[in-house]
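Since the structure comes first, as structure tokens, the remarks are kept for the end.
Atoms within each ligand, like the ligands themselves, are counted from 1 in listed order.
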Amino acid sequence: MSVAARYCVVGGGISGLVAAYRLRVAAGPDAVITVLDPADRLGGILRTERIGGQAIDVGAEAFVARRPEVPALLGELGLSGRQITTTGARPLIYSEGRLHQLPADTVNGIPSRPSALSGLVDDATVRWMLDEPRRPLVWRSGADPTVAELVGERFGEQVVVRSVDPLLAGVYAGSAATIGMRAAAPTVAAALDNGARSLTEAVVAALPPARAGSVFGAIDGGYQVLLDELVRRSGLQWAQVAARGVHPVRAGWEVVDDEGGHWPADAVVLAVPAPRLPALLADLAPHSADIARRIPVASAAVVALALPGGTPLPEQSGVLVAGRGPLHTKAVTLSSRKWGRRGSAEMLRLSYGRFGDDLARSTGDDELLAWADEDLATLFGIAVEPVDARVVRWIDAMPQYGPGHADRVADLRAGLPRGLAVAGAYLDGIGVPACVASAARAVASLVAGSSVGQ
Ligand SMILES: Cc1cc2nc3c(=O)[nH]c(=O)nc-3n(C[C@H](O)[C@H](O)[C@H](O)COP(=O)(O)OP(=O)(O)OC[C@H]3O[C@@H](n4cnc5c(N)ncnc54)[C@H](O)[C@@H]3O)c2cc1C
């Protein structure tokens with residue numbers, strides 16, 4: 001009698017659950033697939049809660065719909081009908097005490113034409129940007145400066161602080177000073193590699209073609225709908241324990257958990273956040289462990305509110321906050337305006353915490369809720385008692401893609417022994433689509449190495 005193949009996935013966030021599903025597809029119905037995760041539910045940063053009677057995502061709430069991974073996965077799982085689009089409402093930027101329309105035609109806030117920023121930056125900055133194509137640009141192919149270094153030098157500090165930083169704070173809880181150009185704006189870096197003579201020319205070349213349809217998508221019913229289907233289709237068994245180590249044994253691998261359990265496996269996918277990886281890899285792949293240890297991370301807190309229906313909010317999808325001003329929040333999502341009303345309450349989310357501060361860790365729930373009240377009063381002049389509220393913290397959850405990140409990740413992967421693969425938000429991009437892709441890549445590498453389904 002042949003013994004069924006056994007696989008372990010360590011970490012049950014979206015990266016781990018997609019890895020489990022891909023393992024099932026590759027290894028067939030008899031394989032035993034165990035997901036180890038000590039959390040009280042699977043999904044990691046994808047988490048849907050009922051607030052004010054409505055399902056709302058309190059971690060990630062959207063995905064870039066122009067990337068293929070999530071729509072393709074939803075299609076494969078028969079969930080395409082659950083994909084929703086934005087209403088078309090756009091975000092605002094709060095800068096210097098005023099609300100501005102988000103500039104059009106930028107790559108992560110890096111403008112393709114100076115006029116798009118007039119009003120947001122001063123006239124001297126607009127003139128400096130107009131002059132940019134005439135100033136000589138020194139660019140070494142493959143270079144990866146921080147966004148602040150390049151954009152600050154070419155377009156000026158105000159463009160960094162008022163246009164680029166608010167977007168990067170939203171995506172990474174980071175800033176232009178910590179994120180590398182190749183992560184924040186890979187197409188701009190590629191255009192410069194290809195010989196663009198100015199940053200303006202590079203951004204124009206890098207702008208995605210104007211396409212009909214929403215840039216962002218989400219799931220009707222929240223990400224829980226996708227999580228449930230991945231769990232069902234992968235036929236995984238969930239061990240609600242934390243992995244403490246991974247060891248080679250004669251027949252493959254053994255994952256040891258913090259309760260002393262041993263989980264034999266033909267191959268293992270490690271889908272934990274970067275700060276959790278070194279403890280699992282320390283003896284096996286010390287160089288890879290060291291690289292993971294050095295990836296900086298930021299924390300964020302999300303305050304999700306249900307306000308009474310009819311609360312006077314602008315017809316916008318939210319507000320991104322530039323600089324440190326009177327507001328505590330770094331971003332507000334007007335969820336009901338962004339995705340369309342789904343119930344009687346007005347749903348919204350406020351995010352707190354950036355790379356380098358410890359707001360998300362150290363601020364109490366009551367204080368965060370009080371800040372949310374103050375921030376909404378400052379932004380929209382409203383003072384209403386929420387119908388319902390929830391505070392959720394995501395500690396060390398957002399990896400920072402500093403200069404040279406992609407090279408370090410290539411080294412990390414190269415240092416892994418055969419039969420082990422990694423997936424997660426610290427590898428090829430922080431968003432859900434990149435996590436889905438990293439999980440597929442992890443399983444493909446195990447299949448290619450004959451550790452799966454052969
Ligand atoms: C507030 C916030 C908002 C975001 N918004 C968006 C968005 O709108 N769109 C978007 O595309 N992306 C967004 N992101 C990014 C995206 O949500 C994450 O990058 C992605 O969900 C990470 O998934 P993951 O599976 O790699 O990691 P995680 O979701 O962190 O899952 C890792 C899992 O590993 C488990 N684990 C840890 N240690 C161990 C161990 N020793 N043994 C076993 N298990 C372990 C944890 O319990 C956890 O469940 C957001 C992130 C945050 C924090």
Side-chain angles (χ1 to χ4, degrees), residues 8-20 34-47 57-67 69-70 86 169-174 215-219 222-223 226-227 230 238-246 255-259 261 263 268-281 297-304 317-318 330-331 333 335 338-339 349-355 360 391-399 401 422-439 442:
C8 278
V9 177
V10 180
I14 186 66
S15 303
L17 295 181
V18 172
T34 304
V35 172
L36 291 87
D37 194 314
D40 59 356
R41 64 182 103 182
L42 293 173
I45 301 168
L46 303 193
R47 180 158 154 187
D57 282 309
V58 293
E61 50 125 24
F63 52 85
V64 176
R66 289 178 178 176
R67 284 188 59 144
E69 294 88 347
V70 179
T86 50
V171 177
Y172 297 97
V215 175
F216 295 107
I219 300 173
Y223 267 121
L226 171 61
L227 301 174
L230 285 170
W238 174 22
Q240 202 180 358
V241 287
R244 198 159 45 80
V246 184
V255 179
V256 179
D257 70 47
D258 59 351
E259 293 175 9
W263 303 88
V268 179
V269 177
L270 299 174
V272 296
R276 305 277 85 80
L277 193 65
L280 302 175
L281 285 182
V297 287
S299 301
V302 172
V303 176
S317 61
K330 65 171 196 268
T333 306
S335 308
K338 182 171 180 178
W339 301 110
R349 300 165 29 130
L350 296 95
S351 310
Y352 295 87
R354 299 173 199 249
F355 177 63
V391 176
V392 184
R393 289 159 209 279
W394 301 109
I395 303 301
D396 294 344
M398 300 171 104
Y401 279 63
V422 287
Y426 62 93
L427 295 165
D428 310 315
I430 192 171
V432 172
C435 292
V436 170
S438 80

Is S438 reaching over with its side chain to a backbone N or O of G424, donor-acceptor style, under 3.5 angstrom? yes
Heavy atoms only, cut-off 4.0 Å: how does M398 contact ligand 1, side chain, backbone, both, or neither? side chain
Is a donor on one side and an acceptor on the other found under 3.5 Å between the side chain of D57 and the backbone of Y223? yes
Going by the order shown, which atoms of ligand 1 are within less than 4.0 Å of some heavy atom of L46? 21 (O)
Could you work out, for atom 39 (C) of ligand 1, the closest of V422, V302, V272 by heavy-atom distance? V272
Under 3.5 Å donor-acceptor, W394 side chain and A360 backbone: no
Test your reading of the model: is there a side-chain donor-acceptor pair from R47 to the backbone of G59, 3.5 Å cut-off? no
Is any side-chain heavy atom of S335 closer than 4.5 Å to one of R349? yes
Name the option, out of L270, V255, V392, I430, that contains the heavy atom nearest to atom 16 (C) of ligand 1. I430
Can you see which heavy atom on R67 is nearest to which on P433, and at what distance? NE-CB, 3.5 Å
For atom 31 (O) of ligand 1, what's the nearest protein heavy-atom neighbour? Residue, atom name and distance, please. G13 CA, 3.4 Å
Measure the distance from atom 1 (C) of ligand 1 to every protein heavy atom, then report the residue, atom name and distance (to 0.1 Å) of the closest one. W394 CD1, 3.6 Å
I need the atoms of ligand 1 closer than 4.0 Å to a non-hydrogen atom of P38, numbered in the order shown. 43 (C), 44 (N), 45 (C)
Taking K330 for its side chain and G170 for its backbone only, find out whether a donor-acceptor pair lies under 3.5 Å. no
Per-atom contacts, ligand 1 versus G44 - under 4.0 Å to a heavy atom: 29 (O), 31 (O), 49 (O)
With atoms numbered from 1 as shown, which atoms in ligand 1 lie under 4.0 angstrom from a non-hydrogen atom of G424? 26 (O)
Heavy atom of the protein closest to atom 23 (O) of ligand 1 (residue, atom name, distance): I14 CG2, 3.5 Å
Identify the heavy atoms of V436 and I14 that sit nearest to each other, and give their distance. CG2-CG1, 4.2 Å
Would you say C8 and L36 make side-chain contact, with heavy atoms under 4.5 Å? yes
Atoms in ligand 1 flagged as close to A425, the criterion being non-hydrogen separation under 4.0 Å: 19 (O), 22 (C), 26 (O)
Go through ligand 1 atom by atom and flag the ones less than 4.0 Å from a non-hydrogen atom of V10. 42 (N), 43 (C)
Ranked by distance from atom 29 (O) of ligand 1, the top protein heavy atom is I45 N, 2.8 Å
Looking only at non-hydrogen atoms, the one of A434, G431, A62 nearest atom 7 (C) of ligand 1 is A62
Near V432 (heavy-atom distance under 4.0 Å), the atoms of ligand 1 are 10 (C), 11 (O), 12 (N)
Tell me, please: is P433 in heavy-atom contact with ligand 1, that is, under 4.0 Å? yes
Could you check whether Y172 and Y401 have their ring centres less than 6.0 Å apart? yes
What protein heavy atom sits nearest atom 42 (N) of ligand 1, and how far away is it? A243 N, 2.8 Å
I need the nearest protein heavy-atom contact for atom 17 (O) of ligand 1: residue, atom name and distance, please. A60 CB, 3.2 Å
Can you check whether V302's main-chain N or O pairs, donor with acceptor, with S351's side chain at less than 3.5 Å? no
Heavy atoms of A271 and V9 approach each other most closely as CB-CG1, 4.5 Å
Nearest heavy atoms of L227 and G43, plus distance in Å: CD1-CA, 3.7 Å
Closest to atom 48 (C) of ligand 1 among protein heavy atoms sits D37 OD2, 3.3 Å
Kindly identify the option in G16, G245, S15 whose heavy atom sits closest to atom 24 (P) of ligand 1. S15
Where ligand 1 meets G59 - atom numbers and elements under 4.0 angstrom, heavy-atom basis: 3 (C)
Among all protein heavy atoms, pick the one closest to atom 43 (C) of ligand 1 and tell me residue, atom and distance. L36 O, 3.3 Å
